[in-house]
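Step one of this worksheet: look at the structure below.
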Amino acid sequence: MSPGAAADPPVDISVVIPVFNEEENIGELHRRLSAALEETGRRYEVILVDDGSSDRSVERIDRIIGNDPRVRLVEFNKNYGQHAAVFAGLEQSRGAVVVTLDADLQNPPEEIPKLLAKIDEGYDIVGGMRARRRDSALRKVPSWFVNRFVSRATGVRLRDYGCMLRAYRRIVVDQILRCNEISSFIPTLANAFARSVTEIPVAHEERRRGKSKYGLGRLLRLNFDLVTGFSLMPIQLISVLGILIALLGVAFGLFLGVMRLIRGPEWAAEGVFTLFAVLFVFMGVQFLAMGLIGEYIGRIYAEVRNRPRYVIRRISS
Ligand code: UDP
Ligand code: MG
């Protein structure tokens, strides 16, 4: 298929899907995905990675595997998070092209042929861009900022980093797999290794069954990961900001001193409250800076420990 691919891979397309408590979605997912892939006429495999589900997802998947040898299961022993799951799926994948997808049908499988068409045009990565995103404002507003920020920090301008409906060429997947970082945000990581990246608009649906696995807390952690994982820009920005604020503080102090000389001590006494305000700004910045430094140190610690990222209990077939 792709001219650069080494010795004919056993399948053309691998579809990797992280699954965490999605029992109500598995059946329809398999039905719609198979129909969409069948239509492409290519050889494919579907790799479902169970991220420690506590519902009957695994049971459902096992039943599907019984009837469809193209579906494979990677089962984690506990919940390690969506990106660890995708990683494990990539590790098992054999296709010349790998497509990632959410299990909850928010990314319609029917869009996959569009991604593949773009890959055939020669792109290394094709990202989906949720044209009309069907999520709550609480999810969309932070995402907007993250997209802007990541585009800047990583130098790859994409409009939608959060969309997991994406297609990668084998060469990119192999590079991703060589990265041993503890927490990696796959779409951004992938961009570092691609020669050409493009985005196409894809449909996005509301989650109809089951609950979103991301509360605000989890989302924040993911975004922190994303920002510190891919650049040192935040810490550098904070340093520059610190210098500017310190200079402002000195200027302000001089100003207060001069005013005291001109207007007398009563005027300056009123400035006490302003000083409080200034103090709080300082403290705020310091805390932020310390938090960021802590974030980096924490990551170094995690990296140094070098623990396995996840433990697989079982791989089917
Ligand atoms: N997911 C996972 N492990 C987790 C959380 C989520 O494998 O710890 C999977 C989940 O089953 C789904 C995908 O990641 O297939 C996206 O999760 P979700 O739909 O909850 O996220 P949202 O659409 O709200 O961003
Ligand atoms: Mg979802």
Side-chain angles (χ1 to χ4, degrees), residues 14-30 32-33 46-61 64 71-93 98-109 111-112 127-147 150 160-166 182-188 202-226 309-314:
S14 300
V15 181
V16 170
I17 308 176
V19 175
F20 181 50
N21 294 341
E22 305 279 5
E23 57 177 4
E24 298 123 306
N25 293 316
I26 300 284
E28 188 184 340
L29 174 70
H30 177 244
R32 284 173 55 186
L33 185 62
V46 175
I47 301 173
L48 296 165
V49 185
D50 176 69
D51 187 14
S53 298
S54 52
D55 66 356
R56 281 146 37 121
S57 297
V58 172
E59 219 179 293
R60 300 266 155 99
I61 295 170
I64 288 172
V71 179
R72 298 161 66 205
L73 166 70
V74 176
E75 192 185 342
F76 280 178
N77 67 337
K78 67 180 221 16
N79 181 248
Y80 291 99
Q82 179 186 354
H83 289 271
V86 172
F87 225 96
L90 295 182
E91 241 163 23
Q92 296 302 318
S93 72
V98 179
V99 175
T100 59
L101 186 73
D102 281 349
D104 58 1
L105 291 163
Q106 286 196 274
N107 316 126
E111 302 279 22
I112 291 177
M129 191 172 73
R130 293 166 289 191
R132 288 194 55 210
R133 189 170 167 188
R134 310 283 186 151
D135 276 320
S136 65
L138 205 64
R139 288 297 319 269
K140 281 196 267 191
V141 172
S143 291
W144 187 85
F145 283 106
V146 168
N147 283 330
V150 174
D160 191 355
Y161 274 96
C163 185
M164 287 307 281
L165 179 55
R166 314 179 82 84
I182 298 291
S183 54
S184 335
F185 195 82
I186 289 171
T188 351
V202 292
H204 190 238
E205 285 167 21
E206 251 167 83
R207 183 186 256 279
R208 265 172 292 170
R209 279 174 293 230
K211 280 201 302 262
S212 169
K213 310 302 182 283
Y214 287 101
L216 198 59
R218 246 188 134 154
L219 201 63
L220 251 166
R221 209 169 53 207
L222 188 72
N223 290 340
F224 242 110
D225 248 24
L226 186 58
R309 225 172 326 182
Y310 44 76
V311 176
I312 294 174
R313 175 154 64 191
R314 172 170 70 109

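Just so we're clear, the structure is a prediction, and the values are computed from it rather than from any experiment. For ligands, and for the atoms within them, numbers begin at 1 and follow the listed sequence.
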- Task: Could you tell me which non-hydrogen atom of Ala88 sits nearest to which non-hydrogen atom of Val49, and how far apart they are?
- Result: CB-CG1, 4.3 Å
- Message: Restricting to non-hydrogen atoms, name the atom on Ser53 and the atom on Phe20 that form the minimum distance, rounded to 0.1 Å.
- Response: OG-CA, 3.4 Å
- Among protein atoms, how many N/O/S atoms lie less than 2.8 Å from the Mg ion (ligand 2)?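 Those protein atoms number 2 in total.
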Nearest 0.5 Å please: distance from the [atom1] atom of [X] over to the [atom2] atom of [Y].
X      : Y      : atom1 : atom2 : result
Asn107 : Leu33  : CG    : CG    : 11.5 Å
Thr100 : Leu165 : OG1   : CG    : 7.0 Å
Asn25  : Arg60  : CG    : CZ    : 10.0 Å

- Side-chain heavy-atom pair Ser93, Ile47 within 4.5 angstrom cut-off: yes
Salt bridge check, [Y] against [X]: does any charged N sit closer than 4.0 Å to a carboxylate O?
X      : Y      : result
Arg130 : Glu111 : no
Arg207 : Glu24  : no
Arg313 : Glu75  : yes

- Near ligand 1, which protein residues have a heavy atom under 4.0 Å away? Pro18, Val19, Phe20, Glu22, Asp51, Asn79, Gly81, Gln82, Asp102, Ala103, Asp104, Gln106, Arg139, Arg207, Ser212, Lys213, Tyr214, Arg218
